[in-house]
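Scope of the values below: all heavy atoms of this structure, side chains included, with no hydrogens, waters or symmetry mates. Numbers for residues simply follow the sequence, beginning at 1.
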Amino acid sequence: ERVASGSGVVVASSGDGEEPATFVLTAAHLFQGHPDTAVYVRFMGPAAGRGKLPARVLRRGDVDSLDLALLRVPGVALAPAPLVDGADVRLGEAILIVGFPWGKRLALFSGIVSQVPMETTSDGGAEDRTGPSIMVDASVGNGVSGGGVYQEATGRLLGVVEGYRTASVAFKDRAQTFSFKVPMPGETFVIAVDQIRAFLKDAGVRAEGE
């Protein structure tokens, strides 16, 4: 039984002479409440025909402070996404998000970097969202958490989708009221590339170009 699904991005792979393995970055909250569940990864592109591949959670951050998890998928070595220099992320620049909404289809979302932090650290608590996360105005949905956020101009990874805010919409007819939640434009949180680099370094994994 599937208990959760999300998106991810390849950030590293094994070197020559090593056992083939691919390292996938995703969102830690996908595993919250399911610490012992089996994990599977399905790739697109050249490895799509291999179906679901078993993976192991190599490192997982605290959901309230760093919503990142690193998976190791043995038996396959895929090309990783190159990381952008953190200093190159600019307010208003065009971005693209790749993800799997509802775990059923590959999707592409576009937008701009709509907010950047004034400081690299936050003095607030775990609920303070004005820290190192950036925000983009692309409206995503369920299943896109952990998806890669790329600079449109270079194709380099500038972050990973952390979460999004929703607004409740209600419709009422003569008999009953229907309500559902929709993503709010400009309210998609992204874990910035500098945090990703530090997370991978602590896990002993070298990103592309490091």
Side-chain angles (χ1 to χ4, degrees), residues 6-32 35 38-48 50 52-90 93 95-100 106 113 116-117 120-122 131-134 136 144-163 189-210:
S7 304
V9 58
V10 176
V11 290
S13 60
S14 57
D16 294 337
E18 299 177 340
E19 176 189 353
T22 295
F23 298 89
V24 177
L25 199 63
T26 187
H29 73 254
L30 299 175
F31 308 99
Q32 196 168 23
V39 179
Y40 296 92
V41 173
R42 184 190 299 273
F43 294 107
M44 300 301 294
R50 302 188 62 168
K52 296 190 301 183
L53 300 175
R56 178 172 64 91
V57 179
L58 190 64
R59 183 168 187 255
R60 186 172 66 180
D62 183 271
V63 172
D64 292 326
S65 57
L66 187 59
D67 191 12
L68 288 177
L70 185 64
L71 310 179
R72 183 181 186 274
V73 186
V76 59
L78 300 179
L83 306 186
V84 72
D85 187 333
D88 291 339
V89 178
R90 296 289 185 266
E93 71 173 307
I95 59 92
L96 296 171
I97 298 176
V98 179
F100 293 84
L106 178 65
V113 175
V116 294
T120 56
T121 59
S122 173
S133 294
I134 64 176
V136 298
V144 184
S145 294
V149 183
Y150 302 86
Q151 279 185 326
E152 183 178 288
T154 66
R156 290 179 173 270
L157 185 75
L158 64 80
V160 168
V161 175
E162 177 180 12
F189 294 95
V190 177
I191 298 175
V193 68
D194 287 342
Q195 289 180 286
I196 291 173
R197 280 195 169 91
F199 183 79
L200 295 178
K201 183 178 180 180
D202 289 344
V205 172
R206 297 185 61 181
E208 174 73 7
E210 297 297 299

N/O donor-acceptor pair under 3.5 Å between Ser14 side chain and Glu19 backbone: yes

For Asp88 and Thr154, what are the C-alpha separation, side-chain angles and deciding distance, and is it a side chain to side chain contact (heavy atoms under 4.5 Å, CB included)? CA-CA 11 Å; Asp88 291 339; Thr154 66; over 6 Å; no

Side-chain (Arg59) to main-chain (Phe199) donor-acceptor, under 3.5 angstrom: yes

State, with a plain yes or no, whether a side-chain heavy atom of Val11 is found less than 4.5 Å away from one of Leu70. yes

Are Leu25 and Leu157 side-chain neighbours, meaning at least one heavy-atom pair lies under 4.5 Å? no

Contact check, side chains of Phe23 and Leu200, non-hydrogen atoms, under 4.5 Å: no

Scanning both residues in full, the closest heavy-atom pair of Ile134 with Ala192 reads CG2-CB, 4.5 Å

Going from NZ on Lys201 to CZ on Arg206, what distance comes out if it is rounded to the nearest 0.5 angstrom? 11.0 Å

Are the side chain of Ser13 and the backbone of Ala77 linked by a donor-acceptor contact shorter than 3.5 Å? no

Would you say the side chain of Phe100 lies within less than 4.5 Å of the side chain of Leu106, judging by non-hydrogen atoms? yes

Closest non-hydrogen atoms of Asp64 and Asp62, given as atom of the first, atom of the second and distance, are N-OD1, 3.0 Å

Tell me if a side-chain donor or acceptor on Thr22 pairs with a main-chain N or O of Val76 at a distance below 3.5 Å. yes

Please tell me if the side chains of Pro80 and Val10 come closer than 4.5 Å, counting only heavy atoms from C-beta onward. yes

Under a 4.5 Å cut-off applied to non-hydrogen side-chain atoms, are Val41 and Thr26 in contact? no

Where Ala12 and Val205 come nearest, the two heavy atoms and their spacing: CB-CG1, 3.4 Å

Looking at Ser133 and Ile191, would you say the former's side chain and the latter's main chain have a donor-acceptor pair under 3.5 Å? no

Might you point out which heavy atoms bring Leu83 and Arg156 nearest each other, and give the distance in Å? O-NH1, 3.2 Å

Closest heavy-atom contact between Val57 and Arg60? CG1-CB, 4.2 Å

Can you name the nearest heavy-atom pair linking Ala81 to Tyr150, along with the distance? CB-CE2, 4.1 Å

